[in-house]
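To start, the structure under review is shown below, and the notes come after it.
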Amino acid sequence: SRHDQHFEKALRYIENHLGDSTLGPQQKARALKLSDTRLHVIASAKVTSIGRTILNLRLERCREMLVDPRCTHRGITEIAFDWGFNNATHFSRTFKEKYGVSPREYRNRPAPQPA
């Protein structure tokens with residue numbers, strides 16, 4: 001359907017711009033040539049909100065990098081800022097809410113052992 005097409009375009013745009021800390025509903029709507037209201041209607045049929053989608057995607061990208069052996073030299077705040085967070089405290093709080101541990105605890109936990 002048309003809603004699905006717009007939603008997929010919105011997701012692609014979000015994925016490609018996650019590192020932009022100014023990424024917000026108005027910017028996405030303009031880029032997709034939709035009104036803010038239309039974008040929210042499309043998103044609400046699929047997810048809780050565009051803002052929540054952005055936050056969850058950013059947290060997931062950060063989580064992936066925290067356990068990536070190629071990123072051990074990078075600081076946690078640096079990783080968070082690369083994915084569009086602009087406040088380390090906000091990042092740490094939302095990360096802990098989603099994953100149950102702080103970013104540092106997540107990064108330092110032992111790797112799963114093969115069976």
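Start at 1 with the first residue, then count along the sequence.
- Taking all atoms of both residues into account, the shortest heavy-atom contact from Ala80 to Cys62 is CA-SG, 3.8 Å.
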Throw together a table of side-chain donor-acceptor distances under 3.5 angstrom for residues 85-92, partners on residues two or more places apart or in other chains.
{"unit_1": "Asn87", "atom_1": "OD1", "unit_2": "Thr89", "atom_2": "N", "d": "2.9"}
{"unit_1": "Asn87", "atom_1": "OD1", "unit_2": "His90", "atom_2": "N", "d": "2.8"}
{"unit_1": "Ser92", "atom_1": "OG", "unit_2": "Ala88", "atom_2": "O", "d": "3.2"}

CA sep, side-chain torsions, deciding dist, call: Glu15, Arg61, side-chain contact (heavy atoms from CB on, under 4.5 Å): CA-CA 10 Å; Glu15 288 274 349; Arg61 295 307 175 276; 2.6 Å; yes
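- Here the OH-OG1 distance, from Tyr99 to Thr94, works out to 9.5 Å after rounding to the nearest 0.5 Å.
- Counting only residues at least two apart or in different chains, salt bridge (charged side-chain N to carboxylate O under 4.0 Å, His left out) contacts with residues 87-106 are absent.
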side-chain contact (heavy atoms from CB on, under 4.5 Å) between Arg109 and Val101, worked out: CA-CA 10 Å; Arg109 70 184 188 174; Val101 294; 5.8 Å; no
Please report, to 0.1 Å, the donor-acceptor pairs under 3.5 Å made by any side chain of residues 63-71, with sequence neighbours excluded.
{"unit_1": "Arg63", "atom_1": "NE", "unit_2": "Glu60", "atom_2": "OE1", "d": "3.1"}
{"unit_1": "Arg63", "atom_1": "NE", "unit_2": "Glu60", "atom_2": "OE2", "d": "3.4"}
{"unit_1": "Arg63", "atom_1": "NH1", "unit_2": "Tyr106", "atom_2": "OH", "d": "2.9"}
{"unit_1": "Arg63", "atom_1": "NH2", "unit_2": "Glu60", "atom_2": "OE2", "d": "2.5"}
{"unit_1": "Asp68", "atom_1": "OD1", "unit_2": "Arg70", "atom_2": "N", "d": "2.8"}
{"unit_1": "Asp68", "atom_1": "OD1", "unit_2": "Arg70", "atom_2": "NE", "d": "3.0"}
{"unit_1": "Asp68", "atom_1": "OD2", "unit_2": "Arg70", "atom_2": "NE", "d": "3.3"}
{"unit_1": "Asp68", "atom_1": "OD2", "unit_2": "Arg70", "atom_2": "NH2", "d": "2.7"}

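- Linking Ile, Leu, Val, Met, Phe, Trp and Tyr whenever their side-chain heavy atoms come within less than 4.5 Å puts Leu57 and Leu55 in one cluster.
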